[in-house]
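Below is one structure, written out as structure tokens; comments come after it.
Just so it is clear, the values below take in all heavy atoms, side chains as well, and ignore hydrogens, waters and symmetry mates. The chains referred to below are lettered A, B, ... by the order of the sequence lines, with proteins before strands, and numbering in each begins at 1.
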Number of protein chains: 2
Amino acid sequence: MSGARDGNGTGGRPKRPTMVDVAREAGVALRTVSRVVNDDPTVGPEYAAKVQAAITALNYRPDERARQLRTGITGTIGAAVRRIAEVNPELAAIEQTARESGLTLFAASTDFEEAREREILVSMCRQRLDGIIVEPFGENHGYLQPELDAGMPVVAMDRPMSGISVDCVMSDNASGIGTAFHHLTRYGHRRIAYVGDREQVYSGRERAAAFRAALGAHGQSLDGLVHPGEITPERVAAALDTALYGPEPATALVTGSMDTTLTVLRVLGPKAASRLAIVGFDEVPHADLLQPALTVVAQQTAKIGRTAVELLLARMADPGRPVQAVVVPLTLTVRGSGEIPV
Amino acid sequence: MSGARDGNGTGGRPKRPTMVDVAREAGVALRTVSRVVNDDPTVGPEYAAKVQAAITALNYRPDERARQLRTGITGTIGAAVRRIAEVNPELAAIEQTARESGLTLFAASTDFEEAREREILVSMCRQRLDGIIVEPFGENHGYLQPELDAGMPVVAMDRPMSGISVDCVMSDNASGIGTAFHHLTRYGHRRIAYVGDREQVYSGRERAAAFRAALGAHGQSLDGLVHPGEITPERVAAALDTALYGPEPATALVTGSMDTTLTVLRVLGPKAASRLAIVGFDEVPHADLLQPALTVVAQQTAKIGRTAVELLLARMADPGRPVQAVVVPLTLTVRGSGEIPV
DNA sequence: ATGAAAGCGCTAACAA
DNA sequence: TTGTTAGCGCTTTCAT
């Protein structure tokens, strides 16, 4: 049976067999095929065998789209993150946790562009994904309110969302900066400078503020020591000039992000970098290969990613639960650059 | 109208409005709503306005799944790669090229596990994606033959697939190794060693073979110089011992992959590494921050990713076209480590 | 320019 | 245990 090549004569693309085709081939009802495909135990062994044979003979593959349309669930969650093809331990943790939970992950890069972010989020909503994790960037996410009202579970990661109230997990920026600062004071430093991202973005704002607070609590003035701003070689070089070569030079440095750390190292060059005490905020790839190896306060990225999925699962299970904000502490990793004494 | 909260009384999850609801709200036929949603120009302005108003009032969002089921196309291509969430320029290029082509990208990590790879590919086929790019790992992809027969476009990237015949794009491993080798001979090196991945994997096999050929063509014996194998600190340390501290020590080294390069640098330590001439195969993150900065032959990863999408698009457009294999040359990036003379 | 009705491939009530 | 039937939400002939 079923020997003929395909129903098609000439050039048309081959048509895939459907459940109806399998049912006809096996001589059973559609419903029975569905039962076999879904491992329903209430099918007689000989029927099951006949169906299996037909499935193999026709190379039948169920159409997931139809299944999803009918059941209403996709078994897929979305992740809208800065970049999927860069080092992104949160995303790695999300992917693994999703897999452990039997969910497929659909990840897309916002590139930290507001328009792109919106495009991705709206697209995920149109696909009726079971839930969305977003590392938010844009300034107003009010356009998602109707989706939330319609029951779409959303979790924010690394930054809070603006204009809507959703579950959220992020690092304890303030205490991380404090850890970096106090680690350096332990090695005798009193003049400690900060270079980090611009205060227009949430994390840049939080970390600069925390550094100012640390300086104040330590009885230091802020003059020439705190340099949030655009991370470009020029801007970073100017900041370092002010901080390191002024009348009261800083002897130690806290950087506010991975990008800042790398730019600082490039601007300083190997000789200057090896003499200055540096604690980086956030891990740097292959930090152990640098000279000196880089001491950092690292975000618990894996924990953050895992928590994001857990928050999402909780909300999927109970849409009415109160909105929750989880804060994750950072951990100090000592490697050398932060232990250079005054 | 439509003022009531939702059709729902108590705890049930809110039901989304469908096209029928919009049609009823607007007092038009279903077909008209569909026309408006799809920007069909043959709708009268007042009808269009009424429909738009209803869409806004109900916060209607079309269900992409239903659309896909009906039209048969998803507008989505899949990419099964080693790892998302790591530096992966091929994937970045795929994502960008897909976006430029108006396609959504669905990426998943195989982790270079055969079972995982198969799971992902089968899942993508069940979702009826418009096409699949795969960085293959497994040894037998024959299970995909029925999908190919059913018209599923598949393109292999970085490695060929086994057991099936599909379009493919990859680096010119042999000539890349040749470039690295000859660059070192230009600085007077005659004893040049190779450490790289095990020959069970395609690229490891190709590169080791190319290195042996280069040695041979240069009139050198192979003894103690060629070390393919597992990339572990122990194995790499043993290989380096043999190559660098034997009776005729090598004065230069070619590594066979990014992982190999990083492991070699870690095993050697900063002092030994700064004395040995090294050319890495493939780019290393922040290679410019190392001391000395690392000279590499880099794969044209962006070109490879872009080409993969282009091959896929071509096959989607013409399923009958002959299978094509594209080979992309590597480029030498001089930074210091490869220009240390004998 | 608009509408009525069929059906994409599947699951889920309900019958038998 | 198996089959019949009615949709999921949309697009698409085909009439009007």
Problem - Basic-acidic side-chain contact under 4.0 Å: Lys303(B), Glu90(B) - result: no
Exercise for the section: Please check the phosphate of dC8(C) (OP1 and OP2 only) for any side-chain N or O of Lys15(A) closer than 4.0 Å. Expected result: no
Exercise for the section: Report the distance from atom CG of Leu69(B) to atom P of dG9(C), rounded to the nearest whole Å. Expected result: 7 Å
Handout entry: Among dG9(D), dG3(C), dT11(C), the nucleotide that comes nearest once only the side chain of Thr71(A) is considered
Key = dT11(C)
Practice task
Please check if any side-chain donor atom of Thr97(B) sits under 3.5 Å from a side-chain acceptor atom of Glu310(B), or the reverse.
Solution key: no
Exercise for the section: Please confirm whether any donor atom in the side chain of Arg35(B) sits under 3.5 Å from an acceptor in the base of dG3(C), or the reverse. Expected result: yes
Exercise for the section: Have a look at Arg31(B) and say if it touches a base, only the backbone sugar-phosphate, or nothing, with a 4.0 Å heavy-atom cut-off. Expected result: base
Exercise for the section: Inspect the contact between Arg126(A) and Asp63(B) and indicate whether a charged nitrogen and a carboxylate oxygen are less than 4.0 angstrom apart. Expected result: no
Fill in the blank from the handout: Per-helix bend value, the helix from dA1(C)-dT16(D) to dA16(C)-dT1(D), C1' rotation axes over five pairs per end, 10° rounding, shows 40°
Handout entry: 5' priority, DNA chain C, between Val20(A) and Thr42(B) [closest heavy atom]
Key = Thr42(B)
Practice task
Nearest whole angstrom, please: distance from the P of dG9(C) to the CD1 of Ile73(B).
Solution key: 14 Å
Problem - Out of dT11(C), dG3(D), dC10(C), whichever nucleotide has its closest atom nearest the side chain of Asn38(A) - result: dT11(C)
Exercise for the section: Assess the side chains of Ser162(B) and Asn140(B): does a donor N or O sit below 3.5 Å from an acceptor N or O? Expected result: no
Practice task
Quick one: label Val28(A) by what it contacts on the DNA or RNA (base, sugar-phosphate, nothing), any heavy atom closer than 4.0 Å.
Solution key: sugar-phosphate
Practice task
Figure out the CD/P separation between Gln68(A) and dC8(C), and round it to whole Å.
Solution key: 19 Å
Exercise for the section: May I have the distance from Arg65(B) (atom CZ) to dG9(C) (atom C1'), rounded to whole angstrom? Expected result: 14 Å
Practice task
Round to the nearest Å and state the distance from Asp63(B) atom CG to dC8(C) atom C1'.
Solution key: 13 Å
Completion exercise
Note: for Val43(A) and Ala66(A) on DNA chain D, the residue whose nearest nucleotide lies more 5' is Val43(A)
Practice task
Could you check if a side-chain atom of Ile132(A) sits within less than 4.5 angstrom of a side-chain atom of Val155(A), using non-hydrogen atoms only?
Solution key: no
Handout entry: Length of the CZ-P vector between Arg24(B) and dC10(D), whole Å
Key = 13 Å
Handout entry: Under 3.5 Å donor-acceptor pair, Arg67(B) side-chain atoms to dG9(D) base atoms
Key = no
Exercise for the section: Run the salt-bridge test on Asp111(A) and Arg83(A) with the 4.0 Å N-O cut-off and return the result as yes or no. Expected result: yes
Handout entry: Side chain of Ala29(A) - closest among dG3(C), dC10(D), dG3(D)
Key = dG3(D)
Fill in the blank from the handout: Met19(A) CE to dC10(C) C1', in whole Å, measures 6 Å
Handout entry: Separation of Glu117(A) CD from Arg82(A) CZ (nearest 0.5 Å)
Key = 13.5 Å
Handout entry: For atom CD of Glu64(A) and atom C1' of dC8(D), their distance in whole Å
Key = 14 Å
Handout entry: Base dG9(C) paired with Arg70(A) side chain (donor-acceptor, <3.5 Å)
Key = no
Practice task
Would you please confirm or rule out a distance under 4.0 Å between OP1 or OP2 of dT11(C) and any side-chain N or O of Ser34(A)?
Solution key: yes
Exercise for the section: Choose from dT11(C), dG3(C), dG3(D) the nucleotide whose nearest atom is closest to any side-chain atom of Thr32(B). Expected result: dG3(C)
Practice task
State plainly whether the residues Glu100(B) and Arg306(B) are in salt-bridge range, i.e. N to O under 4.0 Å.
Solution key: yes
